Each structure stands twice: as C-alpha cells, then as structure tokens.
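Structure first, then comments.
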Amino acid sequence: MLEQLEGSRAVARTVAMCRPEVIPAYPISPQTHIVEALSAMVKDGELSPCEFVNVESEYAAMSVAIGASATGARTYTATASQGLLYMAEALYNASGLGLPIVMTIANRAIGAPINIWNDHSDSMSQRDSGWIQLYVESNQEAVDMHVLAFRLAEELSLPVMVCMDGFILTHAYERIDLPSAQQVDGFLPAYEPRQVLDPAEPVTIGAMVGPEAFMEVKYLAHVKQLQALELIPELSAELTRTLGREQHGLMREYRCEDAETIVVALGSVLGTIEDAIDELRERGVRIGAIGIKAFRPFPLEALRGAIGQATRVVVIEKALALGIGGIVAQNVRNAIAPSSAQVCTVIAGLGGRPITTSSLCGLFEDAVADRLGAMTFLDLNTELVERELERTRSARRSGPHAENMLRDVGAIAAGPV
Amino acid sequence: MSSRPIKFYQVGSHAAGNRLLDPELLSVAADPNRSNSITKGHRACQGCGEALGARYALDAAMRATDGQLIAANATGCLEVFSTPYPESSWQMPWLHSLFGNAPAVASGIAAALKAKGRSDVRVVGQGGDGGTVDIGLACLSGMFERNDDVLYICYDNEAYMNTGVQRSGSTPPAARTMTTQAVGSEPGNPFGQGKNLPLIAMAHEIPYVATATVADLRDLEAKVERAMGMRGARYLHILVTCPLGWSSAAGETIKVARLATETGLFPVFEAIDGEVSAVSKIRHLRPVEEYLELQGRYRHLFQPERRVDVLAHIQAIADRNIARYGLL
Amino acid sequence: MFQVRIHGRGGQGVVTAAELLSLAAFEEGRHAQAFPSFGSERTGAPVVAFCRIDDHEIRTREPVSEPDALIIQDPTLLHQVDLFGGLRPDGYVLINSVRSFDELGLGQWVGGFRHERLLTVPASDIAREHVGQARPNAALLGGLAAFTGIVSVDSVLVAIRARFPERLAAGNAAAAEACFAFVEREIEAPAHA
C-alpha cells in the first residue's frame, strides 16, 4: 500500500511484518527512529509475541541476539558506525555460529573525528566478518530487502546486514509501497533452525575447534556465503512475483547495454548517478551504471558479465582503505581481471559530504575524456589540505588536524572568546 | 541407655553421614539418577574447584527445573576444559559465545523463551571471575537492571586462570599472579583494589544474591535450588579453589575453600532484594595464616621472611568481614 | 521538479514542515521527497530541510542547491547564514516576519529577483493566534500553497491532520488556512518589497 513516510518508519513497519520474536536495541544516530518505532509496536501489542530488550551497549545487543537466535527466535537489531565496531567481536561470533540474525546498518562514518553523517566506512570495516552484506539505494528497496534478508538468512543459516544510508535514507520522507502482512507471510515462513538450544535435544554450541578442523570450518563458511550468489537471485525473483515489483538480485544495471564507460556504486548515491547518466546520455555519451546490491558475497562473475566490453569503469565509493585506496574498486578489479579496462577509483561523500549531480557530471566528463586519474577524491578542498600540511611542516606542536581545519573553514571560533 | 541427637556434618556423597539422611535432604550429587549435566571426560586439572562447583550447581539446577534448563557459558576454564575438540562433556543445551557477553547471551535466551511462551524452560549464565567481574561486568549489570530471568553463576578462582594465571578484579590483595608477581617492595596484588561482585549485585537490588564455596556443597546445592525457585535476575558467587593458580595441593581443594570461610576472608551469605537475609556463621574461627600457608601464591608472605605487616593487613580484612556480616 | 528549501532553527518544526509539504504533494498523487540537513539534535541551532516535488520518481538525493522556493521560518537567521544561495531567478521567497523586505535590510538584495515572488508574512503571530504558540511551520505552508500553488491548501490541511495528533491538528490547520488567506489577499493587493 502506497504511503508517504519516513524511511526508518517504513523499515520498522516492514521488520514488524517479518514477525521478529526478539529485538535487542541500543540507540545510535541515525538508526534510532527504527528501534523507537519497533519499541512502540511491541509495547502496545501490535507486534506480538516479541521481546524488546533495551540493552546496555551494542556489544550486548548482538550478544542478546546471539542467545535469542540460538534458542530458535527470529531476531533483529539495528546499529551504525561506532556501534557496529563495538559489537565487532560478536559479529564474527554470530556468523561463525551460523545464526540468521538480520541487522539494519544505518550507514554512518566512523571517528575519530566524530561524525554522525553518512558514509560506508562502518559496514565496509566489517565486510570480512562473515555476514552477508546488502546495500539499498532507496527506501522502497530498503523495505523490500529486509523481507528478503530474513528469508535469505534463515535458508543459509547466516546473518545478514541490510545497509541503508544514514540520514539520507533513514530520515527521508518519501513515497513507499509497503507490502501487506499477507505478502510477507507468504514469502517468509516461520523460522526453522538448523540448530537450537532445546532441553528435549541438548546440543553443545560454540565449542573450541583446533588446528585439526579450523581450516575446514572456515572453508565451509566461505562456501556457504558463495551459495548466496545463487540464492539471492532466486529469492529476488520470487519476491518480485510476491510483491509485483521488480527486485534486482545481486545488482542492477542502468543503461549499460552499449556503454563504454560504466559507473559502479553502492547505496543511495545511485539515484543521483542515474540523473547524471541521463544528462550525459542526452549528449550522446555512452555511459551506464551498475548498482551493486550484494557486496558480500561479492558477485565476481555477475559483475564481470555486466561490465562486459566497457573500456572504462569508474567506481564511486563512500569509504576508503587508508594507506591503499578504494575498497569496492579492489573488489571490482578482481571481478574483471585480466581485462584491460581502466578502473578509476573515486572517493566521494565521506562523512556526509553531499554528492551533487553537477559534480558527477563533471567527473563523468573527465572520465570519458581520459582525464581521470587512478584515484580521485571528489570535491576535495585542496587549499584546505595544503594549508594544514604546511602547518605540520612548520611546527612540531601543530595541533589537532580536524580542529585546525574546522577553524579554517570557519566552522568554529577563530580564537579565544 | 538414653538417646542423644547426633549431628553429622554433610561432606559429600561418599561420606557415611549422607546415607543416613532423609531422602529429601540428600544432595543431588548423591542421586544416581542425577543429570550429570557436565559429565566425566572433561579435561579439568586434578583437584579443580570449578569442575566440582559446576557439577554440583548445574545438577542442582537441573533437578530444580526438571531438566528444563539452558546454559550460556563465558570463555574460560570451564568452557575450555568441558569442550575440547572434538568432544563435549555437556549433556544439557549449552552455548558458548564470547568472553564478555555470557550474561547478555543468557538474557537473549531468556527473551526468546519468553517470546515463545516457554516459561517452563529456565536459563543459567555462567563464567569465571574474569568473564564476570571484569570484561563481563557491563553485560552483567544490564542483565541485573532489566531483571532478566537468569541465574548467573560466577566461579571465582580469583584470577584469569585459563590464560596462565593473570590478575583479575577478583584477585585478593598480596596474591601472586603472573601480572602481580611476588617481587619488589610490595609483592603480589596491591591492597586497596578489587571489586566485590556480591555487593555490586546487591546494589542492583535483584531478587537473590548468594555466595557459596566448594567446601559446603550441600549449601551450594540448596542455594541453587532456592534461586531456581525464584524468577528474575539472580546471582550466585562461588569460591572455587584452583590448585594450579593458587599453588595448593590438589587433594586440599575443599580444605582450602573451607579455610577461606573459617577465617572470614570469604563471607558466605544470602541477600534478598539487596539486603543480607542469611549468613553462614563461622564454626571454628581460624587465623588467616592457616589459609594462606596452604597456597604457594602467598608463599612470599612467609619466605624468605615472615611479612608480619602484610599478614596483619589481611587479618584486618577478615576481621572487617566478620564484623560487617556478623560471621561469628 | 519543484524544489523547496526551508530554513529555521531547531525546535521550530522545520523538518516537520518539509514532511508536511511532501505529504500534501503525496495527497495529490505526486512524488515528493523531504529530508533534513542534520546536526546533532539541539534546539536553537540553524536547521535546513528540503522538499522536492515531481510527477515521476525522484532519484537524486543531494541537498537542494537551486531552490524554486524558499521558506524562512526565523528571520534572525538573515545576515547570519547564507539563506538565499542558489535561489532561481524566478524563485519564491516567503519570510516569516511582520516587517517588509526593506525593513529587514534586504532592499538591495531583491534586485535580481521577481518582486511579486518575494513576500513576508506574520506567520508566528498567526500561529500564536490559532495554535497558542509561535511555531510558524504549518502556517507558512498554507502561505506557500497560496503563493506558489505547488500544492492546494486542502492538501496541506489533509497533511496536517494526518501528521499531528488531534489536539494540535485543529489549531495548525486553522493557522494554515489563515495564512493562506493572508497571502491570497497580499497577492491581489501587494503591499510588500
């Protein structure tokens, strides 16, 4: 049913329709509206039976989720940024134990310096944690993807994180077609665990594994993730039929058919990218875009096929592997090797820096004119950077970078008040 | 000949006194049909107090709940020696997650059971002092304040034993550990540090807090049974001798634990809703030296010279406990 | 596409205003996207919110840099924050103030724009009268409806009733209607800028 509502609220209502039985939650911007909405639904009985547990940290949130999921309860939580890092140990534990927990990541930058705005550094930092990672480009997709996530998690016995851009999507009011309870029930059957803590059939879960078998355990975990490469398209096709709305599986191609240049990205920036692509196509430029939906497992084959004969790939990413460069770009290069297509990394939108259509148009023009280097920081204020570097060269006690630059930008007072 | 009542001190399933008791008073461990929740074959050290305490506590909990019990276990000695790859000595549903999250995992299990309407199935969370008092404290406090329906059991051997005897927030003053070595002008763990978890638990005003030791196993069982007769957050802190870490004789595990209580260094009591409700009085008061002498971790207090000052300081702690809890 | 940018301070309902506008557009069967430019929650700090309205799906998510209409809920922001950046030459400006553009010190600035599309309205006064407090967001939307016609006042009222709890809905709806009427009169007999 069509409604105009906030992304967070749409996700909360959809998650509620998925009938979670335990929701542990710890607040962090910008996920709070999701868990707040769910807490109200549990408290007034709209979502029942369900236990909403106000925990004391994100580490506790994931730990409560582990206990609940191991007991056979469908379990959900949400976090972002620092909270995701705080539960890092538990993330690996959950995936290692094969628990089908679903978690929303309201993508937000990681400090220091502290920053509450959107980028992908949080979920990217946990890309190897054994969780399946799905990225959505709109609130409609967020809603649909959560339904898929629960089914995917439970079929594979692997936890799934659904990544949606914090503030940009979570706090945006837009028109969304919410599925009906019947549609969700039709797609998502009751949770049937592969392993469960049950006095009637006692099992030991979480025992130590030594050198004799650890490699095999990890190999199996890898194989299980790879199974998602087949399962995601299958489930997407089924969900498409259930909802009557196209689901895109591992990735979505936009105007790639005869593209010489292909832009690859994750998340909400794809909307702005599509507008820019349209502008360039008007001028006859053969350019297209691929929105990757499943980042883990990484769809090597599907991406190679989608990029096809394009000679230029521009990867726009909202995270940065300090000391080496792009993260998504590395994965893309793996996919298309040994192709001779040029792959350009563009780091953009860090810490919530807006990515504008005009910047993207300029960027794409540079790309097609072969003016784009191997790595670009979009809209970087080089003057600001230079000034700070000069400061560090001229004095040992040069002060904290962030505060110095904020002073330059005029964001904080210039001196003693 | 006139008759006279004879008191038998309960010393365990193999002593004569146990066989003469009324069946209802028999310890769980004496029951051949006990659960053996943690069964034989585990790899605990000879004389391990934790293995002893866990066996008694869990079988008592299983009897009290008719076998409807799930356990969440922190990383530590108990977890490691009970699940050596590829074996497990657990005969009950058991989950090991991480070092610092056992109380939260237990809360999660309890929440799931509640959501599923399975209030007949109960939950035990358990860990050593490291996993409870230090790294697990935040999760434990959260479980307490939410009053989640979990009995949490801390097996306190007063250091991080599984990793090679390092100091924890439960290590007593003057005790030697690998990170508080018996060197320098103040050998061993400093005075004036440490956390009293039973008091912290009481400060949360949870329904039930109790301490126990492996010297009085019947008392331990009784406390577990009492705890399982209640709902909400409950905490049991058990002193468990560690022959390896304490450098005590494997055959003296129970004796050492008894001396901990008889000196007053480890008060044994119960508290309901944050107030002390019952205390185990000291039967035969002992000076702290008798307890300390049996353990190599205190050897530096006696060799090369007797540290009268430190011993007096430890005695003062015992005396303070006696006064504070009314142990005499 | 019609793009609106709303400026105000935290606590004045700027974000709600953008949401209400999007709800009104939705009511008319159109696509609308509303979102804030956020800082950490803090009353009194400058807040910006955006709303895009179109007849087809809105894909872009960048902040509105070239608004077709500006609503300025708090005139104390004038001369402090760059409120007018990117305003289209034929853009609308609606300022919550009892004073005129000249009196607000904007006389020089208005040169590049269409006079009849610049207006001040005493929205806080209207709000105080109908809602009991000076929160001008609903009133200003009524004014926007009259001024730009981007949504009808009826749609604004539907949005208000859907979004606010009953005790607040009636007052805010009345404020919106009153401001709508005020602006309609102003348009017919302009007495500003």
Side-chain angles (χ1 to χ4, degrees), chain A residues 19-24 26 42 47-57 59-75 77 87 89-94 96-97 99 101 191 195-214 217, chain B residues 35 37 62 65-73 75 79-118 120-123 125 135-136 138-143 145-146 148 150:
Chain A
R19 304 182 188 277
E21 295 167 277
V22 177
I23 302 175
Y26 189 80
V42 172
L47 170 52
S48 170
C50 181
E51 290 295 306
F52 187 91
V53 188
N54 276 305
V55 292
E56 63 281 3
S57 75
Y59 176 69
M62 187 46 60
S63 300
V64 169
I66 286 167
S69 187
T71 312
R74 182 170 287 159
T75 308
T77 188
M87 58 160 75
E89 192 191 15
L91 287 183
Y92 281 76
N93 192 256
L97 293 177
L99 297 171
I101 299 162
Y191 172 36
Q195 56 176 348
V196 68
L197 296 167
D198 179 1
E201 284 182 51
V203 287
T204 295
I205 301 178
M208 178 177 280
V209 172
E212 310 86 349
F214 197 82
V217 167
Chain B
S35 321
S37 338
M62 285 287 269
T65 60
D66 232 351
Q68 299 301 296
L69 190 70
I70 297 176
N73 212 133
T75 309
E79 167 261 323
V80 170
F81 70 61
S82 65
T83 55
Y85 181 81
E87 300 161 24
S88 169
S89 55
W90 294 101
Q91 303 204 101
M92 61 177 293
W94 182 92
L95 172 63
H96 162 239
S97 173
L98 297 165
F99 194 11
N101 72 358
V105 173
S107 293
I109 297 171
L113 291 168
K114 191 169 174 200
K116 291 181 179 298
R118 294 297 310 272
D120 56 319
V121 182
R122 311 296 303 283
V123 184
I135 198 171
C139 288
L140 187 65
S141 176
M143 185 272 274
E145 71 84 0
R146 286 187 303 268
D148 291 335
V150 171

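Residue numbering restarts at 1 for every chain, and letters A, B, ... go by the order of the sequence lines. We use all heavy atoms of the structure for the numbers below, so side chains are in, but hydrogens, waters and symmetry mates are not. Since the model is a prediction, treat every value here as computed from it, not as a measurement.
- For chain B, no part of A:A65 is nearby; none of its heavy atoms comes within less than 4.5 Å.
- A donor-acceptor pair is defined here as one N or O able to donate and one able to accept, closer than 3.5 Å; such a pair exists between the side chain of B:K116 and the backbone of A:G72.
- For a residue to count as touching a neighbouring chain, one of its non-hydrogen atoms must lie under 4.5 Å from one of that chain's; by this rule B:I70 touches chain A with the side chain only.
- The candidate with the highest count of non-hydrogen atom pairs below 4.5 Å against chain A, out of B:F99, B:Y85, B:W90, is B:Y85.
- For A:T204, the parts sitting under 4.5 Å from any heavy atom of chain B are the backbone and the side chain alike.
- Between B:S107 and A:V64 the shortest side-chain heavy-atom distance falls below 4.5 Å.
- Here A:N93 is the residue among A:V209, A:V22, A:N93, A:V196 with the most heavy-atom pairs under 4.5 Å with chain B.
- Closest non-hydrogen pair, A:A73 versus B:A112, comes out as CB-CB, 3.5 Å.
- Interface check for chain B: of the options A:A207, A:G206, A:G96, the most heavy-atom pairs under 4.5 Å are formed by A:G206.
- For the side chain to side chain contact (heavy atoms under 4.5 Å, CB included) with A:T71, the lone residue among B:L113, B:V121, B:V123, B:L95 that qualifies is B:L113.
- With a threshold of 4.5 angstrom between heavy atoms, B:A111 approaches chain A through its backbone and through its side chain.
- The CG atom of A:L97 lies 8.0 Å from the CG atom of B:L98; values are rounded to the nearest 0.5 Å.
- Shortest non-hydrogen contact noted between A:P49 and B:A115 is CB-O, 3.3 Å.
- Here the closest non-hydrogen pair linking B:I109 and A:G67 is CG1-O, 3.4 Å.
- Neither the backbone nor the side chain of A:A61 comes within less than 4.5 Å of any heavy atom of chain B.
- For the set A:M62, A:E201, A:E21, the entry with the most heavy-atom pairs within less than 4.5 Å of chain B is A:E21.
- For chain A, the nearby parts of B:Q68 are the backbone and the side chain; heavy atoms of each come within less than 4.5 Å.
- Between atom CE of residue A:M208 and atom CD of residue B:E79 there is a gap of 5.5 Å, rounded to the nearest 0.5 Å.
- Between the A:Y59 side chain and the B:G100 main chain, a donor and an acceptor come within less than 3.5 Å of each other.
- Enclosure of atom CZ in B:R146 by more than 12 non-hydrogen atoms of other residues, nucleotides or ligands within 6.0 angstrom is indicated.
- Of all the heavy atoms in A:A60 and B:C139, the pair that sits closest is CB-SG, 4.2 Å.
- Remark: A:N54 CG to B:E145 CD distance equals 8.5 Å, nearest 0.5 Å.
- Contacts between A:V55 and chain B at a heavy-atom distance below 4.5 Å involve backbone atoms as well as side-chain atoms.
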